[in-house]
Amino acid sequence: MKIASWNVNSLNVRLPHLEQWLRDAQPDVVGIQETKLEDARFPDTALAALGYRTVFAGQKTYNGVALLARDRALDDVQIGIPGFEDEQKRVIAATIDGVRVINLYVVNGQDVGTDKYAYKLRWLAAVHDWVQRELAAHPKLVVLGDFNIAPDDRDVHDPAVWNDGHILTSTAERDALRGLLGLGLHDAFRLHHDDAGVFSWWDYRQAGFRRDLGLRIDLTLVSDALRDQAVASGIDREPRTWERPSDHAPAWVTLSD
DNA sequence: ATGGTCGCTACGCGA
């Protein structure tokens, strides 16, 4: 089962890219972030034509998440973090073929020390507690999404800039991610690759992609129980080369049967 | 340090 995460930065604009990439990459499960669509406008019919069932939680203008599953049911759908009041649609989870999949659009946080940064840390703490409970109930767990955190210096193009005081790489953010991993999760990409300089996001500004000024912030985490089944992983740079692209590339992991 | 580019929406906000 190939499971992927992609921040599409407006599904309205990026639907043709998503359709093309689904045909190319043939994922079985996809977590989408930043759909920026109200549910009434979600393109479930277009995705069904490619064989994908969908569940989604959207809002106008900002945020919005979805899960796609090819020829498989999406059961026990959960929208939002249980017990955490949040108007922003950033979380959707479902069980697919006995694997619990949690799709996260983690708060960006703007800048260290801002209100949005405090919200990011509160939000991550709520995710931590919820994932702990989910792991107890579902040992076969995948947590994927746009984490808006680069795990370590290998995951940034310039560690001098992206340092312990910078948003997306600050100590508190990385500690929160480490805490999540400490529950019994593994960054699937790092099970198969230890090289630096493989990125999933490049700023639209300053020709970030052309100059490869990127970060790896789109992650697929697999639980201890799935670790041995995670046989391959990667990031598909190609959609980032297409015309009018998302600023993120898809990240994926393949689980053996 | 600032501003650069997108998407949404209609101007500034969020990323």
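Chain letters run A, B, ... following the sequence lines, proteins first and then strands; every chain starts at 1.
- In terms of position on DNA chain B, the residue among A:Q110 and A:D203 whose nearest nucleotide sits closer to the 5' end is A:D203.
- No more than 12 heavy atoms of other residues, nucleotides or ligands lie within 6.0 Å of CD in A:E87, so this atom counts as exposed by the packing criterion.
- The phosphate of B:dC8 has OP1 or OP2 within less than 4.0 Å of a side-chain N or O from A:S10.
- To the nearest angstrom, C1' of B:dA15 lies 9 Å from CG of A:N7.
- A:D155 has a carboxylate O that lies under 4.0 Å from a charged side-chain N of A:R190, or vice versa, which qualifies the two as a salt bridge.
- One atom, OH of A:Y204, and another, P of B:dG14, lie 18 Å apart when rounded to the nearest Å.
- Contacts of A:F209 with the nucleic acid, taken as non-hydrogen atoms under 4.0 Å apart, are absent.
- Atom pair A:Y105:OH and B:dA15:P shows a separation of 5 Å (rounding to whole Å applied).
- When the C1' atom is compared between B:dT2 and B:dA10, the two are found 26 Å apart, to the nearest whole Å.
- Residue A:R14 places at least one side-chain N or O closer than 4.0 Å to OP1 or OP2 of B:dG7.
- Nucleotides of DNA chain B nearest to A:R90 and A:R41 differ in position, and the one nearer the 5' end is that of A:R41.
- In this structure, A:Y117 atom OH and B:dG14 atom P are separated by 19 Å, rounded to whole Å.
- Taking atom CD1 of residue A:I217 and atom P of nucleotide B:dA15, one finds them 12 Å apart after rounding to whole Å.
- For B:dG7, the OP1/OP2 oxygens have a side-chain nitrogen or oxygen of A:R244 closer than 4.0 Å.
- Electrostatic pairing of A:K89 and A:D39 does not count as a salt bridge here, judged by no charged N lying under 4.0 Å from a carboxylate O.
- Residue A:R211 is out of contact with every strand shown, counting any heavy-atom pair closer than 4.0 Å.
- As rounded to whole Å, 14 Å separates atom P of B:dA1 from atom CD of A:Q206.
- The distance between atom CH2 of A:W162 and atom C1' of B:dA15, rounded to the nearest whole Å, is 11 Å.
- Atom CG of A:N12 is separated from atom C1' of B:dG7 by 10 Å (rounded to the nearest Å).
- For B:dC8, neither phosphate oxygen OP1 nor OP2 lies less than 4.0 angstrom from any side-chain nitrogen or oxygen of A:K60.
- Dashed line: the shortest gap from a side-chain N or O of A:R210 to OP1 or OP2 of B:dT5 is not under 4.0 Å.
- B:dA1 and B:dG12: their P atoms are spaced 25 Å apart (whole Å).
- Classification of A:D86 and A:R122 as a salt-bridged pair fails, no side-chain N sitting under 4.0 Å from a carboxylate O.
- Salt-bridge annotation for A:R174 and A:D153: present, with a side-chain N of the basic residue lying under 4.0 Å from a carboxylate O of the acidic one.
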